[in-house]
> 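One structure, as structure tokens, below. Some questions next.
The structure presented is a predicted model; accordingly, all values stated were derived computationally and were not measured.
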Amino acid sequence: MKIGIPKEIKNNENRVGMTPAGVHELVSHGHTVYVQHTAGEGSGFADELYVKAGAEILPAIEDVYAKSGMIVKVKEPIEPEYALIREGQVVFTYFHFACDRPLTDAMLKSGAICIAYETVQKADRSLPLLAPMSEVAGRMAAQNGAYYLQKTKGGKGKLMAGVPGVKPAKVLVLGGGTVGEAAARIAAGMGADVTITDISIPRLRQLAIELPANVHTLYSSVHSIKNELPTVDVVIGSVLVPGDKTPKLITRDMLSLMEPGTVLVDVAIDQGGCFETSHPTTHSDPVYTIDGIVHYAVANIPGAVPNTSTTALTNATLSYAVALADKGWKKAVTDDPALAKGVNMVGGKVTFEAVARVWNLPYTPLKEVL
């Protein structure tokens with residue numbers, strides 16, 4: 001198979017779809033890999049490393065799309081890429097269709113096979129291709145919360161750890177999944193007083209055992225969240241419904257319950273966000289303030305640490321990319337139920353039910369297009 005790795009063109013997105021090590025693995029399986037000139041530079045991987053791994057460097061993004069039967073990316077295609085994607089082409093990347101109607105329409109029009117990292121799901125309900133970026137985003141959420149809590153950044157002027165004689169900051173983490181656990185662990189490591197919420201008692205029990213003693217668990221409800229908001233300093237939103245829009249756990253009127261300078265970090269923004277007042281921001285303009293409350297809602301948080309993120313992502317995606325290339329997408333998804341859940345669109349048809357429901361589009365079960 002001919003596999004293309006284009007340069008990411010989303011704002012401040014420095015990750016790349018695959019490391020040179022990943023390219024070497026694909027080439028060793030007999031595949032041809034095209035890498036766009038300087039695609040890996042932002043992650044610390046020069047063109048020369050890809051050439052040594054067996055890749056062919058192409059000068060422009062148009063060349064990569066035109067020559068490749070499968071595209072391996074990080075972020076969803078953006079408008080300049082829409083016209084480059086063609087019928088029958090496999091695009092393997094994060095899509096987050098449920099919060100982007102123009103992207104959904106463009107990919108349906110293209111007729112491509114869209115396989116979304118974020119909905120690949122194993123029998124135990126784990127999300128193996130979302131997990132590594134969730135771990136990065138969760139860790140960074142705590143760091144960014146601490147940073148914007150500084151008075152000079154619009155926050156309350158509190159130190160996460162406090163000092164002897166002064167209480168630490170209070171951090172509320174909404175959602176006890178991979179992001180939430182990572183955020184709670186880092187915030188706790190900073191010395192904050194952390195509360196993490198979830199609607200699963202077994203999960204809360206597990207978190208209570210595994211997380212440090214300065215992390216407290218709380219069953220999530222509107223009432224319990226409202227009770228926490230008047231005294232909290234940082235809220236990290238990390239709720240996920242795979243492939244679907246995220247529920248709004250903090251509404252506009254709930255902002256008045258918080259003190260000015262409270263920081264909201266919405267890690268769920270790429271699936272629509274879990275704060276009603278959230279809208280996507282970028283690394284070049286990451287925060288805004290509403291009613292005195294600081295909002296951080298960067299949609300590609302891991303893009304700020306691309307070397308770590310690209311390596312972690314390739315570690316997770318490579319075996320699936322190899323399977324798709326070796327077997328062809330139809331046999332690969334037939335053989336692997338987890339990968340089959342990643343197929344969101346085929347030939348202009350929506351094959352992931354949540355996406356069809358969100359946009360009121362016809363739903364076609366995957367088995368009907370295999």
> Is a side-chain donor or acceptor of Asp198 paired with a backbone partner of Gly176 at a separation under 3.5 angstrom?
yes
> Checking Asp47 against His37: is there a side-chain donor and acceptor pair closer than 3.5 Å?
yes
> Backbone N or O of Val298 within a donor-acceptor pair of the Thr281 side chain at under 3.5 Å?
yes
> Would you say Tyr34 and Ile5 make side-chain contact, with heavy atoms under 4.5 Å?
no
> Just by distance, with hydrogens left out, do Thr38 and Lys7 show a side-chain donor and acceptor under 3.5 Å apart?
yes
> Tell me whether the rings of His279 and Tyr288 are parallel (<30°), tilted (30 to 60°) or perpendicular (>60°).
parallel
> Is a side-chain donor or acceptor of Glu8 paired with a backbone partner of Val74 at a separation under 3.5 angstrom?
yes
> Measuring from Thr351:OG1 to Met345:CE, what's the distance to the nearest 0.5 Å?
8.0 Å
> Is a donor on one side and an acceptor on the other found under 3.5 Å between the side chain of Asn144 and the backbone of Ala141?
no
> Spell out, yes or no, whether Leu249 and Val222 are grouped together once hydrophobic residues are joined by side-chain heavy atoms under 4.5 Å, including indirect joins.
no
> If only atom types and distance count, is the side chain of Thr282 paired as donor or acceptor with the main-chain N or O of Asp285 below 3.5 Å?
yes
> Honestly curious: do Val120 and Trp329 fall in one hydrophobic cluster under the side-chain, below-4.5 Å linking rule?
yes
> Counting C-beta onward and ignoring hydrogens, is there a side-chain heavy-atom pair between Val346 and Val343 closer than 4.5 Å?
yes
> Under a 3.5 Å distance rule, please check whether Asp100 uses its side chain to pair with a backbone N or O of Leu103 as donor and acceptor.
yes
> Judged by atom type as modelled, is there a donor-acceptor pair below 3.5 Å linking the side chain of Glu13 to the main-chain atoms of Arg15?
yes
> Where do Tyr219 and Ile199 come nearest, in terms of heavy atoms and distance?
CE1-O, 3.3 Å
> Pairing donors with acceptors under 3.5 angstrom, does anything connect the side chains of His295 and Thr277?
yes
> For Phe352 and Phe97: C-alpha separation, side-chain torsions, deciding distance, then whether ring pair (Phe, Tyr, Trp, His ring centres under 6.0 Å) applies.
CA-CA 10 Å; Phe352 194 83; Phe97 283 119; 9.4 Å; no
> Tell me the closest heavy-atom pair linking Ser284 and Asn12, and the distance in Å.
CB-ND2, 3.5 Å
> Where is the tightest heavy-atom contact between Cys99 and Trp359, given as atom of each residue plus distance?
C-CZ2, 4.0 Å
> Do His216 and Asp193 have side-chain atoms, one donor and one acceptor, less than 3.5 Å apart?
yes
> Taking atom types as modelled and ignoring hydrogens, do the side chains of Thr119 and Asn344 form a donor-acceptor contact shorter than 3.5 angstrom?
yes
> Does any part of the side chain of Met70, heavy atoms only, come nearer than 4.5 Å to the side chain of Leu324, both counted from C-beta?
yes
> With a 4.5 Å heavy-atom cut-off, do Leu172 and Val234 have their side chains touching?
no
> Looking at Glu210, I'd like to know if its CD atom is crowded, meaning that more than 12 non-hydrogen atoms belonging to other residues, nucleotides or ligands lie closer than 6.0 Å.
yes
> Nearest 0.5 Å, please: how far is OG in Ser221 from CG in Asn227?
8.0 Å
> Carefully, step by step, assess Asp63 and Lys67 under the rule salt bridge (Lys or Arg N to Asp or Glu O under 4.0 Å).
CA-CA 6 Å; Asp63 301 322; Lys67 286 195 168 193; over 6 Å; no
> Report, as yes or no, whether the 6.0 Å neighbourhood of atom NZ on Lys327 holds more than 12 heavy atoms from other residues, nucleotides or ligands.
yes
> Please say whether more than 12 non-hydrogen atoms of neighbouring residues, nucleotides or ligands are located less than 6.0 Å from CG in Leu370.
yes
> Does the side chain of Thr178 pick up a donor-acceptor pair with the side chain of Ser134 at under 3.5 Å?
no
> Are the side chain of Ser110 and the backbone N or O of Met107 linked by a donor-acceptor pair below 3.5 Å?
yes
> State whether the side chain of Lys75 and the backbone N or O of Asn300 hold a donor-acceptor pair below 3.5 Å, judged by distance alone.
no
> For side-chain hydrogen bond (donor to acceptor under 3.5 Å, both in side chains), just list the numbers for Thr231 and Lys170, CA-CA rounded to whole Å, side-chain angles, deciding distance to a tenth of an Å, and then say yes or no.
CA-CA 7 Å; Thr231 59; Lys170 291 188 68 174; 3.1 Å; yes
> Indicate whether the side chain of Asp124 and that of Ser126 have a donor and an acceptor atom separated by less than 3.5 Å.
yes
> Salt bridge (Lys or Arg N to Asp or Glu O under 4.0 Å) between Lys73 and Glu81: does it pass, once the steps are laid out?
CA-CA 12 Å; Lys73 281 176 48 60; Glu81 295 171 277; 3.4 Å; yes
> With no hydrogens and no angle check, is any side-chain donor or acceptor of Ser220 less than 3.5 Å from a backbone partner on Thr197?
no
